[in-house]
Asker: 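Starting off with a structure, shown below.
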2 protein chains.
Amino acid sequence: MEALRADMFEEICPSTLLPFKVGGDKWAGMVLRCLEGGPRRYSELRVPLARISPKMLTQSLRSLERDGFVRRTEYADPARRVTYELTGLGRSLLEPLRAFCDWAEDHWDELLDARES
Amino acid sequence: MEALRADMFEEICPSTLLPFKVGGDKWAGMVLRCLEGGPRRYSELRVPLARISPKMLTQSLRSLERDGFVRRTEYADPARRVTYELTGLGRSLLEPLRAFCDWAEDHWDELLDARES
DNA sequence: CGGTATCCCCTTGGATACTG
DNA sequence: CAGTATCCAAGGGGATACCG
């Protein structure tokens, strides 16, 4: 077994870019998953994400937009209308994200057991 | 496109268990990756993780131990000796974790570009 | 409808010094 | 060597009310 390198994480490490840090906040992952099925309106997102305050949802969406995962579109309809949808980058992120969710489901019981004791 | 379910995230969502939340703190992922190669001593971990204060490293390790990802072993050597190593659960987590790191490396330039603008 | 604004708490985590 | 103890700052994030 070889020794660990001293500079392994001197620069910004790729793992610091994991989804919930990429987005910048704890809700980013859920927001992304809510956008899997196509563009969604703000009020539509508030349904599955009812536990997020409007402030945090906006903040999360803005953050995801800044980082290039989500595209915000404003329509000039008579009634105001805004949609959010995944960019190519955002969609590419869904793959590893799903891998994680699958892993969590597969090991759900083990995780709970470990927590118990 | 079907409507989003209202109860999608009512219970604790699997995605909230993502690696950096599973561990509980921002360093957990890096710690896990440092343990890929086998058992490591505390002081050994401090080398690649030089930016983490001893307090945070301990806290992170304790958290990973509680959650069943890491096993702490104390030896009764004359000189004090403690090692940390991945459990089966911990090793299983490395897979999706690596998937993420790979993704981050693959999209590194895009990520930086998005950040710029 | 799609958000802002404000207030406030509380945890996260950094620095530093110390200990069995 | 393998941690603790203490202090402190920053900001993440919740609740609520309001706005164009």
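Chain naming here is simple, since letters A, B, ... match the order of the sequence lines and numbering starts at 1 in each. Bear in mind the structure is a predicted one, so any value in this text is a computation, not a measurement.
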Asker: Say whether A:Thr58 and A:Tyr42, considering side chains only, have a donor N or O and an acceptor N or O under 3.5 Å apart.
Answerer: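 Judged by distance alone, the side chains do pair up.
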
Asker: 5'-most contact on DNA chain C: B:Ser53 or A:Tyr42, nearest heavy atom basis?
Answerer: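 Looking at DNA chain C, the more 5' nearest nucleotide goes with A:Tyr42.
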
Asker: Please report, rounded to the nearest Å, how far the P atom of C:dG3 is from the CZ atom of A:Arg40.
Answerer: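 Result: 16 Å.
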
Asker: Could you state the atom-to-atom distance from CG of A:Leu45 to C1' of C:dC1 in whole Å?
Answerer: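 Roughly 13 Å, once rounded to whole Å.
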
Asker: Is the shortest distance from a Lys or Arg side-chain nitrogen in A:Arg81 or A:Glu74 to a carboxylate oxygen in the other one below 4.0 Å?
Answerer: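 No, no charged N to carboxylate O under 4.0 Å.
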
Asker: Expected output is a numbered-order residue list: members of residues 74-82 of chain A with a heavy atom under 4.0 Å from any atom of DNA chain C. What is it?
Answerer: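 Here the set is A:Arg80, A:Arg81, A:Val82.
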
Asker: Does B:Lys55 get its side chain close enough to the base of D:dG3, under 3.5 Å, for a donor-acceptor pair?
Answerer: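 Answer no: no donor N or O sits under 3.5 Å from an acceptor.
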
Asker: Measure from CG on B:Leu61 to P on D:dT4 and round the result to the nearest Å.
Answerer: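 Interatomic distance, CG of B:Leu61 to P of D:dT4: 10 Å.
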
Asker: Answer with base, sugar-phosphate or nothing: what part of the nucleic acid does B:Arg72 contact at a heavy-atom distance below 4.0 Å?
Answerer: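 Sugar-phosphate contact only.
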
Asker: Counting just side-chain N and O atoms, does A:Arg51 come under 4.0 Å of either OP1 or OP2 of D:dG13?
Answerer: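 Looking at the OP1 and OP2 atoms of D:dG13, neither is under 4.0 Å from any side-chain N or O of A:Arg51.
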
Asker: C:dC1 P sits how many Å from A:Leu57 CG, rounded?
Answerer: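 For the pair A:Leu57 CG and C:dC1 P, the rounded distance is 14 Å.
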
Asker: What's the CE-C1' distance between A:Met56 and C:dA5, to the nearest Å?
Answerer: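 Taking atom C1' of C:dA5 as the reference, CE of A:Met56 is at 15 Å.
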
Asker: Picking from C:dG14, C:dT4, D:dC1, which would you name as closest to the side chain of A:Pro54?
Answerer: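 Taking heavy atoms from C-beta onward, the closest nucleotide is C:dT4.
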
Asker: With a 4.5 Å heavy-atom cut-off, do A:Leu57 and A:Lys55 have their side chains touching?
Answerer: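 No - every pair of side-chain heavy atoms lies 4.5 Å or more apart.
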
Asker: To the nearest Å, give me how far apart CD1 (B:Ile52) and C1' (C:dT12) are.
Answerer: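 Taking CD1 of B:Ile52 and C1' of C:dT12, I get 14 Å after rounding.
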
Asker: Side-chain polar contacts of residues 91-99 of chain B - donor-acceptor pairs under 3.5 angstrom, sequence neighbours left out - could you list them?
Answerer:
unit_1: B:Arg91; atom_1: NH1; unit_2: B:Leu86; atom_2: O; d: 3.4
unit_1: B:Ser92; atom_1: OG; unit_2: A:Trp103; atom_2: NE1; d: 2.9
unit_1: B:Ser92; atom_1: OG; unit_2: A:His107; atom_2: NE2; d: 3.4
unit_1: B:Ser92; atom_1: OG; unit_2: B:Leu89; atom_2: O; d: 2.7
unit_1: B:Arg98; atom_1: NH1; unit_2: B:Glu36; atom_2: OE1; d: 2.3

Asker: Within the structure shown, what part of the strands sits under 4.0 Å from B:Arg46 by heavy-atom distance: base, sugar-phosphate, or nothing?
Answerer: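 Nothing, no heavy atom under 4.0 Å.
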
Asker: Between A:Cys34 and A:Arg40, is any pair of side-chain heavy atoms under 4.5 Å apart?
Answerer: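 Result no, sub-4.5 Å side-chain heavy-atom pair not found.
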
Asker: Nearest whole Å is fine: how far is C:dC1 P from A:Glu44 CD?
Answerer: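 Rounded to whole Å, this separation is 11 Å.
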
Asker: Got a sec, which residues hit salt bridge (charged side-chain N to carboxylate O under 4.0 Å, His left out) with A:Asp109, two or more places apart in sequence or on another chain?
Answerer: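 Salt bridge (charged side-chain N to carboxylate O under 4.0 Å, His left out) check on A:Asp109 returns nothing, list empty.
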
Asker: Starting from P on D:dG3, measure out to CZ on B:Arg41 and report it in whole angstrom.
Answerer: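 Result: 10 Å.
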
Asker: Nearest to the side chain of A:Thr58, heavy atoms from C-beta on, is which of C:dG3, D:dT4, D:dG14?
Answerer: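 Selected nucleotide (nearest to the side chain): C:dG3.
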
Asker: How close do A:Arg62 and A:Arg72 get, heavy atom to heavy atom, and via which atoms?
Answerer: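 Of all heavy-atom pairs spanning A:Arg62 and A:Arg72, the closest is NH1-NE, 3.6 Å.
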
